[in-house]
Amino acid sequence: MKFELQHTDAQSKARAGLITTDHGQIETPIFMPVGTQGAVKAVHMTELESDIKAQIILGNTYHLYLRPGLDILEQAGGLHKFNSWNRPILTDSGGFQVFSLAHNRKLTEEGAIFRSHIDGSKHMFTPERVMDIERTIGADIMMVFDECTPGDADYSYAKKSLALTERWLDRCITRFNDTECKYGYTQALFPIVQGCVYPDLRKRAAENVASKEAEGNAIGGLAVGEPTEKMYEMIEVVNEILPQDKPRYLMGVGTPANLLEAIERGVDMFDCIMPTRNGRNGQLFTRYGILNMRNKKWANDFSPIDAEGRSFVDTLYSKAYLRHLFIVNEILALQIASIHNLAFYLWLVKEARTQIIAGNFSNWKKYILEDVSRRI
RNA sequence: GUAAUUGUAGCUCAGUUGGUUAGAGCGUCGGAUUGUGGUUCCGAAGGUCGCGGGUUCGAGCCCCGUCUUUUACC
């Protein structure tokens, strides 16, 4: 993997860059649609590629390990071949799911013991095991196994949790360096900065992560219950320290406004379930605000879903029709909303990139920020 | 016509031997959702208990009349 920093904004920390992987290039800042179980829910790969213009998608280690399992993934020749997505893929390590989803989890120095949310079966994730699993999945970018500290953790817990994440990080790197991709292309490993909402912990974590000289770095443990302002503050602390010449990935974030604020603070990559999950629940993000498609006011509004939207669904279908589809629980509603929201997110980061290169990012951000957060 | 049966929220229905402010599901309306357990979660509005009279301290529940639903018989 290679990262080329193409342009840095004069008035802010915003950057435009280019990541090159064996499965193609990624223009940053970028938003990565989440495909937890090997599929972006309700969306075809053809739509992701041609219409949404996704450049990289996510898969999830915890979910793919449980189903279909490593045997099937290896027989398939890796996730790219299995799900027919030929562009870059990033896998989350499953750290988040072990803590948010699995039953009866127990942390030890060795790793995390947990029970499957599907059948209750007992499993153990160690840093080494997770590296092996991500090798088998075959993502272009692998994430280290960490503990995602809750946003409301007290200082002493956050400090202890960070220390464990740091010891696991070293073990991940060792195992990663001792192994190689099973399918003939290269994989990169991104470490994750934790430290909750405590600046000194975040600073220490970022310094430790930076010292590993990884191909890219991630900021985790944000948007997990802490105030939004704290999140922005932590991004600033961390990005002061993370290397300039490597991509920075803010995990699990966020709203359109969150993206703009984080881009301004020097973040290059994002993923979030919000455009897809909220889309499936009837919420549409647009350039001029957020719509709840179940609201009655759209019942007889026959104007396009989004007159300025870039995806084919935006002008093919009316608001009234989409509302109808949601009210009667048609599957097509979920597909339309997911495509629209993802296309909007991808447009937002592409436009941010264009504005950064044009030297106009801060002005543009101010101009658009209130619009995208408004409820209409 | 006779006998039985039914009537409670927009819909389908609970509602104990009569006992505070009559409930549920669905629907309607609104909100939530941040490294996804694949139609989720939370909240709100909505009823003169068919109508009229009576008994009772108190009636959705008991009595009378009337209208109504369904069925059987003549």
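Under the 3.5 Å distance criterion, the side-chain polar atoms of A:D314 are left unmatched by any main-chain donor or acceptor of A:I305. A distance-only check finds a donor-acceptor pair linking the side chain of A:E226 to the backbone of A:A223 [under 3.5 Å].
Rounded to an integer number of Å, the gap from CZ of A:R105 to P of B:G37 is 12 Å. A straight line from CE of A:M293 to C1' of B:G31 spans 16 Å, rounded to a whole angstrom. Separating the CG atom of A:L222 from the C1' atom of B:U34 is a distance of 11 Å, rounded to the nearest angstrom. Look at CZ on A:R294: it is 11 Å from C1' on B:U40, rounded to the nearest Å. Rounded to a whole Å, the CG atom of A:N292 is 10 Å from the P atom of B:C29. For the pair A:N278 CG and B:U39 C1', the interatomic distance rounds to 15 Å; values are reported in whole Å. One can place CG of A:N281 at 12 Å from C1' of B:C42, the figure rounded to the nearest angstrom. When rounded to the nearest whole Å, the span between CD1 of A:I327 and P of B:C29 equals 6 Å.
A:I192 comes within 4.0 angstrom of a base, heavy atoms only. Residue contacts shown for A:D146 include a base, since a base heavy atom lies under 4.0 Å away. Heavy atoms of A:R323 sit under 4.0 angstrom from primed sugar atoms or phosphate atoms, though from no base atom. Here A:G220 lies out of heavy-atom contact (under 4.0 Å) with every strand. Across all strands shown, A:I331 has heavy atoms under 4.0 Å from base atoms, whether or not it also approaches the sugar-phosphate. No engagement by A:E330 is indicated, since no non-hydrogen atom pair under 4.0 Å with the nucleic acid exists. Using a 4.0 Å heavy-atom cutoff across all strands shown, A:R67 reaches no nucleic acid atom at all.
A salt bridge links A:D371 with A:R287; the closest basic N to acidic carboxylate O contact falls under 4.0 Å.
For A:K212, the NZ atom counts as densely surrounded, since its 6.0 Å shell holds more than 12 non-hydrogen atoms of other residues, nucleotides or ligands.
Ring-plane geometry between A:Y62 and A:F125 is classed as perpendicular, the angle between the planes exceeding 60 degrees on a 0 to 90 degree scale with a lower cut at 30. Between A:H80 and A:Y185, the ring planes are perpendicular. Angles over 60° get that label, and only those under 30° would be called parallel.
The listed nucleotides are B:G30, B:G35, B:U33; the one nearest the side chain of A:K296 is B:G30. The side chain of A:M251 has B:G35 as its nearest neighbour among B:U34, B:G35, B:U33. In this structure, of B:G35, B:U34, B:G38, it is B:U34 that holds the atom nearest to the side chain of A:M274. Side-chain proximity of A:H63 to the nucleotides B:U34, B:G37, B:G35 is greatest for B:G37.
Taking side-chain N and O atoms only, A:Q283 has no distance below 4.0 Å to OP1 or OP2 of B:U33. Residue A:N295 places at least one side-chain N or O under 4.0 Å from the OP1 or OP2 atom of B:G30. A sub-4.0 Å separation between OP1 or OP2 of B:A32 and a side-chain N or O of A:R375 is present.
A single hydrophobic cluster is seen to contain both A:V193 and A:L164, as judged by linkage of ILVMFWY side chains at heavy-atom distances under 4.5 Å, directly or through other members.
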Query raised in the report: How does RNA chain B look in dot-bracket form if you count Watson-Crick and G-U pairs under 3.5 Å, write [ ] for pairs that cross, and put | where a base pairs with another strand?
Result: ((((..(..((((.....[...)))).(((((.......))))).....(((((..]....))))))..)))).
Query raised in the report: For A:I57 and A:W85, what are the C-alpha separation, side-chain angles and deciding distance, and is it a side chain to side chain contact (heavy atoms under 4.5 Å, CB included)?
Result: CA-CA 9 Å; A:I57 65 173; A:W85 175 255; 3.6 Å; yes
